[in-house]
2 protein chains.
Amino acid sequence: MAEVCKVHEEHEEKIAKVKEKLPNDELIVEMANFFDAFGDVTRLKILLALMEEELCTCDLSNITGLSVSAISHQLRVLKDRRIVNYRREGKNVFYRLDDEHIREILKIALKHLGE
Amino acid sequence: MAEVCKVHEEHEEKIAKVKEKLPNDELIVEMANFFDAFGDVTRLKILLALMEEELCTCDLSNITGLSVSAISHQLRVLKDRRIVNYRREGKNVFYRLDDEHIREILKIALKHLGE
DNA sequence: AGAACATTTGCACAATTGCTCAAATGAGAA
DNA sequence: TTCTCATTTGAGCAATTGTGCAAATGTTCT
């Protein structure tokens, strides 16, 4: 790691205050995993597509132009992180966004980047 | 890549509709980079700390327990992606969240993960 | 039972990422 | 100018990640 810079003494109070308000490490890790799920082009494409409607693995492969396998791998990540939900219907598995927060976050980002 | 599954014919209309509504690739890449910035523990810690107040590189090194260099590398990522802003004051460089969307997104995620 | 098709999973590998270290740059004080 | 301290930058390296391939699993139909 590294040595502490000299301003540390001056900023000591401020630093202590911020440290205290910071969420605990476990929550931060969980939160990073949450965002990380949106931070890959393939997964994001999947999520944007699911904003429109429920879709199966094969549909998503079609839409993204990636192999079914690649999509399935990424769907697993999204499933594990509770960002998408799914239901089986016969041979197909249909995926959808897990809850309204997901849609909300996607919308804010779209607005932020000035769609 | 891969072959198309047989449902394609049945779902053709649906797929075309979703494809049409999807943002263009450039925007999707930009958006993925945006989210990716939040998707790393170090960068997320930086952002959560900056929710409280403006802080310099050295403060952030202190708060996160990481080397000044590591923090600086990550600040560059956040700067490049327009997620933080900065101003120089003497020897120090103070960073702050770039705009209200950033704070809003962090708040929704905190709420979503049930803080 | 078997065949057909959608999906998932494990493995392997290329590409990317985050960190440390050391050197460079910026800025104020002497 | 030189000294000192905060910050940035580039190189190198270990660790992680995303994908395709091939095999396995799940489900329906005959």
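By convention in this document, chain letters (A, B, ...) are assigned in the order of the sequence lines, proteins followed by strands, and residues within each chain are numbered from 1. Hydrogens, waters and symmetry mates play no part in the numbers below; they use all other heavy atoms, side chains included. Here the structure is a predicted model, which is why all the values come from computation and not from measurement.
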Please report, rounded to the nearest Å, how far the [atom2] atom of [N] is from the [atom1] atom of [X].
X	N	atom1	atom2	result
A:Arg76	D:dT19	CZ	P	14 Å
B:Asp36	C:dT17	CG	C1'	9 Å
B:Arg43	C:dC19	CZ	C1'	12 Å
A:Ile71	D:dT17	CD1	P	18 Å
A:Ile15	D:dA6	CD1	P	11 Å
B:Leu75	C:dC19	CG	P	11 Å
B:Glu89	C:dG26	CD	P	19 Å
A:Lys91	D:dT30	NZ	P	10 Å

Once you apply a heavy-atom cut-off of 4.0 Å, does [X] come out as touching a base, just sugar-phosphate, or nothing?
X	result
B:Ser72	base
B:Phe94	nothing
A:Tyr86	nothing
A:Thr57	sugar-phosphate

### Whether B:His73 stacks on the six-membered ring of D:dT9 base, 5.5 Å and 30° limits
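Stacked: ring centres under 5.5 Å, planes under 30°.
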### Query
Can you hop from A:Ile28 to A:Ile83 via hydrophobic side chains spaced under 4.5 Å?
yes
Side-chain N or O of [X] closer than 4.0 Å to phosphate OP1/OP2 of [N]:
X	N	result
B:Tyr95	D:dT8	yes
A:Asn92	D:dT27	no
B:Gln74	C:dC19	yes

#### Entry: Of A:Arg88 and A:Asp40, the one whose closest DNA chain D nucleotide lies more 5'
A:Asp40
### Query
Between the base of C:dC19 and the side chain of B:Ser67, is there a donor-acceptor distance below 3.5 Å?
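Per atom types, no contact qualifies.
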### Base D:dT7 paired with B:Ser69 side chain (donor-acceptor, <3.5 Å)
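No.
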### Task
Describe, in one word, how the ring planes of B:Phe38 and A:Phe35 are oriented to each other, choosing from parallel (under 30°), tilted (30 to 60°) and perpendicular (over 60°).
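Ring orientation, 0 to 90° scale: tilted.
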### Query
So does B:Tyr86 have more than 12 non-hydrogen atoms from other groups sitting under 6.0 Å from OH?
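Count not over threshold, so no.
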### Query
Which heavy atom of A:Leu44 sits nearest a heavy atom of B:Ala32, and at what distance?
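So the two residues come closest at CD2-N, 3.4 Å.
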### Message
Under the criterion salt bridge (charged side-chain N to carboxylate O under 4.0 Å, His left out), I'd like the reasoning laid out for B:Glu100 against B:Arg103: C-alpha separation, chi angles, the key distance, then a yes or no.
### Response
CA-CA 5 Å; B:Glu100 276 310 308; B:Arg103 193 181 302 274; 3.5 Å; yes
